[in-house]
Novice: 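Once you've had a glance at the structure underneath, I'll fire off some questions.
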Amino acid sequence: MNPQYISLSPLQVATAGFLILASGILGLYLKLKITKSLYIAGLRTVLQLVAMGFVLQWVFKVQSSAAVIFMMAAMTLVAALTSTQRAVRPFPGILLNSISAIWISSWVLLWYGSILVFRIPVWTDPQYVIPLLGMILGNSLNGICLAVDRFTEEVYSKREQVELSLSLGATSWEAAKPALITAVRTGTLPIINSMTVAGVVSLPGMMTGQLIAGVSPLEAVKYQIVIMFLIATSTIFGTLIISLLGYKKLFNSWHQFQYWIVGKRS
């Protein structure tokens with residue numbers, strides 16, 4: 001059997017879009033209050049992906065290292081902004097913390113994968129680095145969002161326990177450590193679950209895409225293993241960094257818990 005790539009026409013894509021239309025109508029009929037958000041999400045998906053497609057075509061065509069780095073920086077910044085918008089209990093400096101955590105964790109793992117694993121001749125080759133960064137960012141972003149939310153919620157909701165520990169002579173690190181551990185575990189749980197069922201319950205996105213494109217199943221498997229390991233490590237680094245930066249912001253050098261700087265998003 002010769003694998004053949006199936007090119008999709010606009011009509012075929014619209015046929016898939018009919019499913020979202022039907023789902024929204026069903027939600028409206030059952031009064032689930034999801035129709036508006038579902039349609040907005042669907043429209044954003046189409047517009048954002050089409051725009052990204054045109055941008056990628058241009059980047060692939062010009063083969064400019066500056067253009068590739070600029071696009072990677074923009075993707076990272078958008079990921080950081082998204083993570084702060086999702087935070088239920090924001091605090092001053094959370095945006096800078098998110099930028100630092102996402103930038104360090106994703107770019108370090110991107111460099112590791114590009115240079116040491118895939119051994120790409122040119123590090124800024126858009127064919128490899130942009131898809132790799134996109135997959136790393138998309139998955140580690142969820143972990144970082146969960147971690148920062150869980151950490152602030154843990155220390156804020158258990159303020160009395162934290163302050164009791166501090167009043168009994170505990171350092172800020174000792175008082176905040178349980179919340180830090182909980183935050184990192186919460187942030188890394190989704191990717192650990194994904195790794196646990198990969199190939200048994202689900203076929204991950206990159207492997208599925210390569211199989212559809214006609215790549216050998218064993219080659220697709222090797223790529224997917226590498227990607228999942230990069231994503232998992234980036235998520236662990238990112239959740240750890242965002243939790244530690246949050247700890248440094250919420251506790252001062254006098255071992256005081258600065259609960260008053262924690263907000264509440266409506």
Novice: Looking only at heavy atoms, what is the nearest atom pair of M228 and I191, with distance?
Specialist: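 Minimum heavy-atom separation between M228 and I191: CE-CD1, 4.4 Å.
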
Novice: Between I181 and P178, is any pair of side-chain heavy atoms under 4.5 Å apart?
Specialist: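 With C-beta onward as the side chain, the pair stays apart.
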
Novice: CG of L81 to CD1 of I99: how many Å apart, nearest 0.5 Å?
Specialist: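 Between L81 CG and I99 CD1, I get 6.5 Å after rounding to 0.5 Å.
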
Novice: Please check if L8 and L49 belong to a single hydrophobic cluster, counting links between Ile, Leu, Val, Met, Phe, Trp and Tyr side chain heavy atoms closer than 4.5 Å.
Specialist: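 No, L8 and L49 fall in different hydrophobic clusters.
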
Novice: How far does CG of L240 sit from CD1 of I236, to the nearest 0.5 angstrom?
Specialist: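 One gets 9.0 Å once the value is rounded to the nearest 0.5 Å.
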
Novice: Starting from L43 and following side-chain heavy-atom contacts under 4.5 Å between hydrophobic residues (I, L, V, M, F, W, Y), which residues can be reached?
Specialist: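 Besides L43, the cluster holds L47.
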
Novice: First locate atom CZ of F237, then atom OG1 of T188, and finally report the distance between them rounded to the nearest 0.5 Å.
Specialist: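 Result: 12.5 Å between the selected atoms.
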
Novice: Could you give the distance from NZ (K248) to OG (S172), rounded to the nearest 0.5 Å?
Specialist: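 With rounding to 0.5 Å, NZ (K248) is 7.5 Å from OG (S172).
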
Novice: With distance as the sole test, does T152 use its side chain to make a donor-acceptor pair with the main-chain N or O of D149 at under 3.5 Å?
Specialist: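 Yes, T152 side chain to D149 backbone: donor-acceptor pair under 3.5 Å.
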
Novice: Could you check whether K177 pairs with E174 (Lys NZ or Arg NE/NH1/NH2 to Asp/Glu carboxylate O, under 4.0 Å)?
Specialist: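 A salt bridge is absent here (no side-chain N lies under 4.0 Å from a carboxylate O).
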
Novice: Any chance CH2 of W260 has more than 12 other-residue heavy atoms, nucleotides or ligands included, within less than 6.0 Å?
Specialist: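 Yes, the 6.0 Å shell around CH2 holds more than 12 heavy atoms from other groups.
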
Novice: Q12 and T15: side-chain donor and acceptor closer than 3.5 Å?
Specialist: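 No pair is found: no donor N or O on one side chain lies under 3.5 Å from an acceptor on the other.
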
Novice: Between Q63 and F60, is there a donor-acceptor pair closer than 3.5 Å when you use the side chain of the first and the backbone of the second?
Specialist: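 Yes: the side chain of Q63 pairs with the backbone of F60.
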
Novice: Consider only side-chain heavy atoms of I, L, V, M, F, W and Y, link residues closer than 4.5 Å, and tell whether M75 and I104 are in one cluster.
Specialist: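 Yes, it is one cluster - the side chains of M75 and I104 are joined through contacts under 4.5 Å.
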
Novice: Is V122 reachable from V68 through a run of I, L, V, M, F, W or Y residues, each pair having side-chain heavy atoms under 4.5 Å apart?
Specialist: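 Looking at the clustering, V122 is in a separate group from V68.
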
Novice: At their closest point, which heavy atom of S243 faces which heavy atom of T239, and how far apart are they?
Specialist: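 In terms of heavy atoms, the two residues are closest at OG-O, 2.7 Å.
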
Novice: If you round to the nearest 0.5 Å, how far is CZ of R150 from OG1 of T186?
Specialist: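 Spacing of OG1 (T186) from CZ (R150) equals 4.0 Å.
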
Novice: Show the atom names and distances, to 0.1 Å, of all donor-acceptor pairs under 3.5 Å that link a side chain in residues 123-145 to residues at least two apart or in another chain.
Specialist:
{"residue": "T124", "atom": "OG1", "partner": "S65", "partner atom": "OG", "Å": "2.9"}
{"residue": "D125", "atom": "OD1", "partner": "Q127", "partner atom": "N", "Å": "3.1"}
{"residue": "N139", "atom": "ND2", "partner": "M135", "partner atom": "O", "Å": "2.7"}
{"residue": "S140", "atom": "OG", "partner": "I136", "partner atom": "O", "Å": "2.6"}
{"residue": "N142", "atom": "OD1", "partner": "R86", "partner atom": "NH1", "Å": "3.3"}
{"residue": "N142", "atom": "ND2", "partner": "G138", "partner atom": "O", "Å": "3.4"}

Novice: Taking only residues two or more places apart in sequence or in another chain, which ones pass side-chain contact (heavy atoms from CB on, under 4.5 Å) with K158?
Specialist: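 Checked K158 against side-chain contact (heavy atoms from CB on, under 4.5 Å); matches are E154, Q161.
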
Novice: Looking at every heavy atom in both V62 and A67, which two are closest together, and how far apart are they?
Specialist: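 Heavy atoms of V62 and A67 come nearest at CG2-CB, 4.5 Å.
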
Novice: If a pair satisfies ring pair (Phe, Tyr, Trp, His ring centres under 6.0 Å) and one of its residues is in residues 154-207, list it, with sequence neighbours excluded.
Specialist: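 Sorted result for residues 154-207: W173-Y247.
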
Novice: Scan the side chains in residues 106-120 for donor-acceptor partners under 3.5 Å anywhere in the protein, sequence neighbours excluded, and list what turns up.
Specialist:
{"residue": "S106", "atom": "OG", "partner": "I102", "partner atom": "O", "Å": "2.5"}
{"residue": "W107", "atom": "NE1", "partner": "T76", "partner atom": "OG1", "Å": "2.9"}
{"residue": "S114", "atom": "OG", "partner": "L110", "partner atom": "O", "Å": "2.8"}

Novice: Hydrophobic cluster mates of L96, side-chain heavy atoms under 4.5 angstrom, ILVMFWY only, any path?
Specialist: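 Noted: L96 shares its cluster with no other residue.
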
Novice: Under the ring pair (Phe, Tyr, Trp, His ring centres under 6.0 Å) definition, can you give me all pairs with a residue in residues 183-205, not counting sequence neighbours?
Specialist: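 Listed once each, the pairs would be none.
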
Novice: What heavy-atom pair brings F91 and G246 nearest, and what distance separates the two atoms?
Specialist: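 It is CZ-CA, 4.0 Å.
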
Novice: Would you say the side-chain atoms of S167 pair up with the backbone N or O of L164, donor to acceptor, closer than 3.5 Å?
Specialist: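 Yes; judged by distance alone, with no hydrogens or angles, the pair exists.
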
Novice: Honestly curious: do V78 and W103 fall in one hydrophobic cluster under the side-chain, below-4.5 Å linking rule?
Specialist: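 Not linked; separate clusters.
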
Novice: Would you mind listing every side-chain hydrogen bond (donor to acceptor under 3.5 Å, both in side chains) that reaches into residues 47-62, with sequence neighbours excluded?
Specialist: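 Residue pairs passing side-chain hydrogen bond (donor to acceptor under 3.5 Å, both in side chains), neighbours aside: R44-Q48.
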
Novice: Can you list, by chain and residue number, the hydrophobic cluster partners of L21 when the side-chain cut-off is 4.5 Å?
Specialist: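 Besides L21, the hydrophobic cluster comprises F18, I20, I25, L38, Y39, listed by chain and residue number.
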
Novice: If you compare all heavy atoms of P92 against all heavy atoms of K249, which two are closest, and at what distance to 0.1 Å?
Specialist: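 Looks like O-CE, 2.8 Å.
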
Novice: Looking at side-chain heavy atoms only, is the closest gap between L250 and F151 below 4.5 Å?
Specialist: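 Of all side-chain heavy-atom pairs linking F151 with L250, at least one is under 4.5 Å.
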
Novice: So which heavy atom on A147 is nearest to which on I242, and how close?
Specialist: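 The answer is CB-CG2, 4.0 Å.
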
Novice: Compare all side-chain heavy atoms of N193 with those of V197 and state whether any distance is below 4.5 angstrom.
Specialist: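 They are not in contact (no side-chain heavy atoms under 4.5 Å apart), so the answer is no.
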
Novice: What distance separates I227 CD1 from I225 CD1, expressed to the nearest 0.5 Å?
Specialist: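 It comes to 11.5 Å.
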
Novice: My understanding is that only residues two or more places apart in sequence, or in another chain, count here; which of them pass salt bridge (charged side-chain N to carboxylate O under 4.0 Å, His left out) with R159?
Specialist: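 Applying salt bridge (charged side-chain N to carboxylate O under 4.0 Å, His left out) to R159 gives E163.
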
Novice: Output the rest of the hydrophobic cluster of L30: all Ile, Leu, Val, Met, Phe, Trp and Tyr residues reachable through side-chain heavy-atom contacts under 4.5 Å, sorted by chain and number.
Specialist: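 Cluster partners of L30: L26, Y29, L32, I34.
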
Novice: Only counting residues at least two apart or in another chain, list the ones meeting side chain to side chain donor-acceptor pair (under 3.5 Å) with Q258.
Specialist: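 In terms of side chain to side chain donor-acceptor pair (under 3.5 Å), with neighbours along the sequence ignored, Q258 is linked to no residue.
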
Novice: Following the transitive rule for hydrophobic clusters with a side-chain heavy-atom cut-off under 4.5 Å over Ile, Leu, Val, Met, Phe, Trp and Tyr, establish whether I261 and L244 coincide in one cluster.
Specialist: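 Same cluster: I261 reaches L244 through Ile, Leu, Val, Met, Phe, Trp or Tyr contacts under 4.5 Å.
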
Novice: Do V148 and S98 have side-chain heavy atoms sitting under 4.5 Å apart?
Specialist: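 Not touching, per the 4.5 Å side-chain cut-off.
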
